[in-house]
Amino acid sequence: MGKFTPLDFNKYAALARQAAAEGCVLLKNENEALPLRKGDKVAVFGRIAFHYYKSGLGSGGLVNTKYVVGILDALKEEKDITLDENLLGTYEKWIEKNPYDEGQGWGKVPWSQKEMELTDEIVESAKGADAAIVVVGRTAGEDQDNKNEAGSYLLTDTEKEMVEKVSKAFARTIVVLNVGNIIDMKWVKECNPAAVLYVWQGGQEGGNGVADVLMGRVNPCGKLTDTIAENIEDYPSQSCFGDLTRNEYKEDIYVGYRYFETFAKEKVLYPFGFGLSYTTFAVTAEAKEKDVDNVTVTATVENTGKTDGKEVVQVYVKAPQGVLGKPSRALVGFAKTGVLAPGAKETLTIDVTKESFASYDDSGATGHKSCYVLEEGSYEFYVGSDVRSAAFAGAYEQPFKVVEILTEAMAPVEAFERMKAVPGEDGTLKPGYEAAPLRTVDPIERMKENRMEPITYTGDKGYKLGDVLDKKVTMEEFVAQLSDEDLICIFRGEGMCSPKVTPGTAAAFGGLTPELQEFGIPAACCTDGPSGLRFDCGTRAFSMPNGTLLGCTFDLPLVEDLYEMAGREMRQNRVDALLGPGMNIHRNPLNGRNFEYISEDPYLTGWISAVQILGMEKSDVTGTIKHFCANNQESNRHHVDAVVSERALREIYLKGYEIAVKEGGARSIMSTYGPVNGIWTAGNYDLLTTILRGEWNYDGFVMTDWWAMSNREGYEATKTTHAPMVSAGNDVFMVCTDCSDMGQDDVKEALENGEITRGDLQRNAMNVLHFILGTPSILRFLDRISEEEKEAQEQMGDNDFVAADLVTYEADPATGDVVIDASAWNTKKGNSEVCGVTILADKMGTYDIEIEMKSDLEDLAQLPVTVYIDNIVKTMISIRGTKGEWIKETRDLGFFFGPNHYLKLYFGANGLELGKIRLKLREGMEVLSKHEE
Ligand code: BGC
């Protein structure tokens, strides 16, 4: 394994800032609105200017950062412009009365904030400004979709009125969209602002990146990763999206621009790949068949304008319709120039493999069922700076060719109609429908036929996992020593916040029991992702630009460099796998987690993800590509069935993953919560074995999403049905509290009754152990890491971007109370102290905290303490000086779910002493359930 390289924070911040700038997409720029000019007085409107959304919410948005630079923060630092202070003051006063609505916890945060009504007087008072910036923002999160409503996909009336009034009053009005993914854009025509800039959610350096673009230090070069259509109803998935039980993917492969460019060009406001620059470029290109398997595109880009800038060159193929039907355009390559000075040229060579644009025949219409084929005819290439304007660059004649022979897998079982291109009378293509081909092969039979023969149990022969690393024994010899219980324990990850790994992380897996540790198996660690490292105990980490933004950079080297820094940060924090990138397809703009994902296009999604992994792997740590697959809706995400044709799965929904595995070397994958074609993905043999391992040669491991379910065919999934995961090749169930509790699910029983085999468990364990052998966890366990790495990992706490080990206090088994001796805690003003607390599994319920406190100060002194559990503020205790007397203060901490938590106290003033802290169960589950009755 490679050498440890310490984190270079300045480089990290600089790369993130560059990405935040290069991901900005400029949709409109009239009246020379942008860039801002020296001496400009700028009026800033919109409350979100005061509350920058660095990321979305949910698991992908919980990074504790040391700082966040918002757009306004960054603009305030600009020396060449002045801001209208009076206007800022008006907003500040209003915000004081209308504070930011934090919502109430997970999934309940509002996705937009109340906006200040803009009176004519306020607008008038700002009239002296040369330019106006209007910031509009949206967040989004897990377990909830966006809605086609004001405040979500649509602007609210107040927002629209603000944009309208400001646009009327200022010739140079710039609307800045601080949103996770695309929103409705009809208002641009109606309100007519001079400029519109999507800046997405740029992480902690986001505001700096935006300011670089607004000021013209960076020329905008981001491109849309989605098509923006006029109405939400124009998206072909819209009629089915949101159905809570059955979501038919009727549009089939015609997702995003594949649909619009083929059938409905007129519905598009801004095409896929579109984005303006402050300069202009001319692109000339030639596409040629290089050899029997490849096409080469040579594109020359000339900067024909007046300022330096970069351009993205995109290559699209138009394949012949053949018998299968094809979209009019499919992205098959892209590249970005360096910074070109006016008049300068750069020639880019983009190699395209024919394999990448082959079509999957799931019906047998070509005579080659279950094969990737190139149908006969002329393949045309279009090259340019967006899908619509890309110009013809050459074509070649292709004879019919079978590119890859596969087997039917994951086909639908329920009949439905899917879209197919049919030529209309005028020769243009129209969306027709045909029956989607249904499943003919039983995956369970296939699974049984391909089962691994169990390796004979040998008992403990004294081999350690390190012996496999040192090639003294084989993996098979090592695994032969493990008992059924050991193997079942390896199948279970523990979390959240397991004290067995880095504090505050999502899960520990691998060597979690004393028996497994005796065999030399370390506990490996993973944590969210994708927007940076999530540590629920409060450890600071670096907050990254969101997935959509990274996609919009179309810049693979930049994203790889940025994730090289993430890899170093992970290694320093003893995290082996990040739970990201998120790479589901933006099938519909309303999906609540689109902000974490990248694009409507699988090729771009695949490559942006692949380079993230390559970057992290430079520190021998990795990403977890998720959610595998077709996790395209948050509403009822545990149950809604994605009904998809095998062709659409392979060409659209699996394609990005295939690229991340084959090109990025992904070795950690998370399956989803829900089913695809009736089979929950966590127990989907064809997905996790036939395709992933059989066809793609994946040699990593697969984990479930947190507390996911699986089903036996014909039955609904349940929380304790885990046996199908084992046989499907889902190696680790995430997460439980105690992996050695054999009664928690059906795995032991299924092993006893023959539904699953020891061979299944051994195969899965080998996948997990093989993964562990490729991560720093094994080096730490064997104490083979350098002094430099150890030192970097041992630095204390909070502000150093390192999650140091924490003392964990266990509950007293007799009383259930957790007692912490806090007498040595540093209670200095501004300091915080954190510790782990583990409550008893049978003592879940609501807890109180009781703290012994004393201060020698007089009773005029105020001594505030903020109490956090898992980094969420639970209560404040503010006492007055006690003249040396000990007092006890008791407060409600609310409900404790799961055993492992972090208690953090933040001290707001000097002069406090602490004695014992007690966490006491107030009402257990029995009492609580009575209340509910
Ligand atoms: C999310 C995953 C995440 C996991 C752990 C789940 O709710 O769907 O994406 O990685 O939690 O936080």
Side-chain angles (χ1 to χ4, degrees), residues 55-64 105-109 140-145 180 492-498 501-509 524-537 539 541 544 546-547 566 570 575-584 591-598 609 612 616 622-640 642 657 666 668-675 680-682 701-710 717 719 730 732-737 870-872 897-898 900-902:
S55 68
L57 302 163
S59 61
L62 289 173
V63 180
N64 303 304
W106 191 267
K108 301 277 187 302
V109 180
E142 236 171 279
D143 216 18
Q144 208 186 133
D145 286 310
R492 298 185 181 131
E494 288 180 357
M496 314 270 306
C497 299
S498 163
V501 288
T502 304
T505 52
F509 60 98
C525 174
C526 56
T527 202
D528 285 312
S531 69
L533 297 178
R534 166 183 172 192
F535 298 115
D536 281 355
C537 56
T539 304
M544 290 281 205
N546 77 353
M570 288 163 67
V575 171
D576 303 291
L578 183 75
L579 301 177
M583 47 184 307
N584 293 101
N591 178 23
R593 290 185 89 171
N594 276 351
F595 74 94
E596 293 184 65
Y597 306 146
I598 295 160
S609 304
Q612 292 185 38
M616 288 183 256
T622 197
T624 302
I625 51 179
K626 70 184 187 185
H627 308 84
F628 192 54
C629 72
N631 196 72
N632 302 103
Q633 173 177 317
E634 285 301 295
S635 305
N636 204 22
R637 61 180 176 168
H638 290 273
H639 297 279
V640 56
Y657 290 97
S668 174
I669 294 187
M670 187 191 294
S671 46
T672 72
Y673 282 130
W680 268 253
T681 62
F701 86 117
V702 179
M703 63 179 84
T704 64
D705 201 340
W706 268 230
W707 308 284
M709 307 188 280
S710 68
K719 287 205 164 124
N730 195 121
V732 177
F733 165 76
M734 295 288 193
V735 286
C736 66
T737 9
D870 301 333
N871 218 34
I872 295 168
F897 172 71
N900 300 310
H901 302 275
Y902 300 96

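All ligand and atom numbering here is 1-based and tracks the order in the structure. All values derive from a computational prediction rather than experimental measurement.
Using a 4.0 Å cutoff on heavy atoms, Met734 does not count as a contact of ligand 1. Using a non-hydrogen distance threshold of 4.0 Å, Glu596 does not register as a contact of ligand 1.
Close approach of ligand 1 to Arg593 (heavy-atom distance below 4.0 Å) involves ligand atoms 1 (C), 2 (C), 8 (O), 9 (O). The distance from ligand 1 to the heavy atoms of Lys626 drops below 4.0 Å at these ligand atoms: 2 (C), 3 (C), 9 (O), 10 (O). Close contacts of ligand 1 with Arg534, meaning ligand atoms under 4.0 Å from a residue heavy atom, involve 12 (O). Interface atoms of ligand 1 facing Arg637, defined by a heavy-atom separation under 4.0 Å, are 7 (O), 8 (O). Remark: ligand 1 atoms within the under-4.0 Å shell around heavy atoms of His627 are 2 (C), 8 (O), 9 (O). Residue-ligand proximity, Leu579 to ligand 1, at heavy-atom distances under 4.0 Å covers atoms 10 (O).
With Arg637 as reference, Asp143 is the one residue of Asp145, Asp143, Asp705 to meet the salt bridge (charged side-chain N to carboxylate O under 4.0 Å, His left out) rule.
To the nearest 0.5 Å, the span separating CG on Asn591 from CG on Asn632 amounts to 6.5 Å. Considering NE2 of His627 and OG of Ser671, their distance stands at 9.5 Å, rounded to 0.5 Å.
Donor-acceptor pairing under 3.5 Å is recorded for the side chains of Asn631 and Tyr597.
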Dump the intermediate steps for side-chain contact (heavy atoms from CB on, under 4.5 Å) on Asn584 and Arg593, then the final yes or no. CA-CA 9 Å; Asn584 293 101; Arg593 290 185 89 171; over 6 Å; no

I'd like to know whether Met670 forms a side-chain contact (heavy atoms from CB on, under 4.5 Å) with Trp706, so could you lay out the CA-CA distance, the side-chain angles of the two residues, the decisive distance to 0.1 Å, and finally the verdict. CA-CA 9 Å; Met670 187 191 294; Trp706 268 230; 3.6 Å; yes

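For His639, there are no ring pair (Phe, Tyr, Trp, His ring centres under 6.0 Å) partners, not counting sequence neighbours.
An N or O contact shorter than 3.5 Å is missing between Trp706 and ligand 1 by distance.
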